[in-house]
Amino acid sequence: DTILLNTRNPKYIPYSSKIKRKIELVWEYPHKAKKEEMKGKLTLMFSILRNGELEGLQLLKSSGFPILDNGAFNAVRLAAPYYPIPQTMEINKLNFIATFEYRINY
């Protein structure tokens, strides 16, 4: 199955919310990028195996700044390992499409 990290599908919301929260706890705006006021939006796809292991992280759409793209990649990697996929989902792997937006708030 492939879902958005911000899915509205009730079947996936409890699990995807936990995954999103785990990533948010380690995701940071790269200092150099913030200082230089780089902003942008990127989309990644990654998979979580039944045991919670991260697999297959890839960039689907770049922000235009490698430093921002790498910041999101690092957050997804640092948050691993993830929670095991609940048995009730009856799947061995779940693909997530996640959008990361870096913006400067004044």
Side-chain angles (χ1 to χ4, degrees):
D1 291 4
T2 299
I3 63 166
L4 297 175
L5 190 57
N6 287 331
T7 187
R8 297 202 187 281
N9 183 328
K11 175 182 175 183
Y12 297 110
I13 288 173
Y15 185 69
S16 66
S17 295
K18 287 175 29 176
I19 300 304
K20 181 179 177 186
R21 182 73 185 130
K22 207 159 185 226
I23 293 169
E24 287 173 341
L25 288 171
V26 296
W27 181 40
E28 295 179 356
Y29 211 125
H31 180 72
K32 182 179 190 285
K34 194 171 193 176
K35 186 177 172 190
E36 295 180 18
E37 296 189 0
M38 292 179 199
K39 54 189 180 221
K41 190 174 181 175
L42 64 115
T43 305
L44 300 178
M45 186 162 97
F46 61 94
S47 303
I48 297 177
L49 301 178
R50 175 164 287 293
N51 66 358
E53 186 180 325
L54 175 66
E55 180 183 83
L57 178 59
Q58 66 180 21
L59 183 64
L60 298 180
K61 183 176 181 271
S62 175
S63 66
F65 296 100
I67 191 170
L68 297 180
D69 296 348
N70 288 333
F73 265 89
N74 289 339
V76 173
R77 283 191 197 107
L78 277 172
Y82 292 95
Y83 304 100
I85 295 172
Q87 294 291 335
T88 55
M89 290 173 123
E90 298 178 344
I91 53 175
N92 292 318
K93 179 165 82 171
L94 187 56
N95 304 309
F96 287 92
I97 295 174
T99 299
F100 291 78
E101 187 169 4
Y102 292 92
R103 34 175 200 246
I104 307 288
N105 297 324
Y106 295 102

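Numbers for residues simply follow the sequence, beginning at 1.
For Lys35, the salt bridge (Lys or Arg N to Asp or Glu O under 4.0 Å) test picks out no residue, with sequence neighbours left out. Residues meeting the side-chain hydrogen bond (donor to acceptor under 3.5 Å, both in side chains) test with Glu28, sequence neighbours left out: none. Shown here are the salt bridge (Lys or Arg N to Asp or Glu O under 4.0 Å) partners of Arg103, two or more places apart in sequence or in another chain: Glu101. Partners of Glu53 by salt bridge (Lys or Arg N to Asp or Glu O under 4.0 Å), not counting sequence neighbours: none found. Applying the ring-ring contact (aromatic ring centres under 6.0 Å, His included) rule to Phe100 yields the partners Trp27; only residues at least two apart in sequence or on another chain are considered. With sequence neighbours left out, the side-chain contact (heavy atoms from CB on, under 4.5 Å) criterion links Lys34 to Tyr29, Ile104. Annotation: ring-ring contact (aromatic ring centres under 6.0 Å, His included) contacts of Tyr83 (sequence neighbours excluded): none.
Smallest separation of non-hydrogen atoms from Ala98 and Phe46: CB-CE2, 4.0 Å.
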Tabulate below the donor-acceptor pairs under 3.5 Å that side-chain atoms of residues 84-97 make, not counting sequence neighbours, or state none.
residue, atom, partner, partner atom, Å
Asn92, OD1, Arg50, NE, 3.4
Lys93, NZ, Glu55, OE1, 3.3
Asn95, OD1, Ser47, OG, 2.5
Asn95, ND2, Asp1, O, 3.4
Asn95, ND2, Thr2, OG1, 3.1

Listing, residues 57-71 side-chain donor-acceptor contacts under 3.5 Å, not counting sequence neighbours, or none:
residue, atom, partner, partner atom, Å
Ser62, OG, Gly64, N, 2.9
Ser62, OG, Asp69, OD2, 2.6
Ser63, OG, Phe65, N, 3.1
Ser63, OG, Phe65, O, 3.1
Ser63, OG, Asp69, OD1, 2.8
Asp69, OD1, Ser63, N, 3.0
Asn70, ND2, Pro66, O, 3.2

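Within the structure, side chain to side chain donor-acceptor pair (under 3.5 Å) pairs that include any residue of residues 16-25 comprise Asn6-Lys20 (at least two apart or interchain).
A distance-only check finds no donor-acceptor pair linking the side chain of Tyr102 to the backbone of Pro30 [under 3.5 Å].
With a 4.5 Å cut-off on side-chain heavy atoms, Leu4 and Tyr12 do not count as touching.
Under the 4.5 Å side-chain contact rule for hydrophobic residues, Phe73 and Met38 share a cluster.
Atom CD1 in Ile3 sits 9.0 Å away from atom OH in Tyr15 (nearest 0.5 Å). Once rounded to the nearest 0.5 Å, the distance linking CD1 of Ile19 with OG1 of Thr7 reads 13.0 Å.
Other members of the hydrophobic cluster containing Val26, listed by chain and number, are Leu78; membership follows side-chain contacts under 4.5 Å among ILVMFWY residues, whether direct or relayed.
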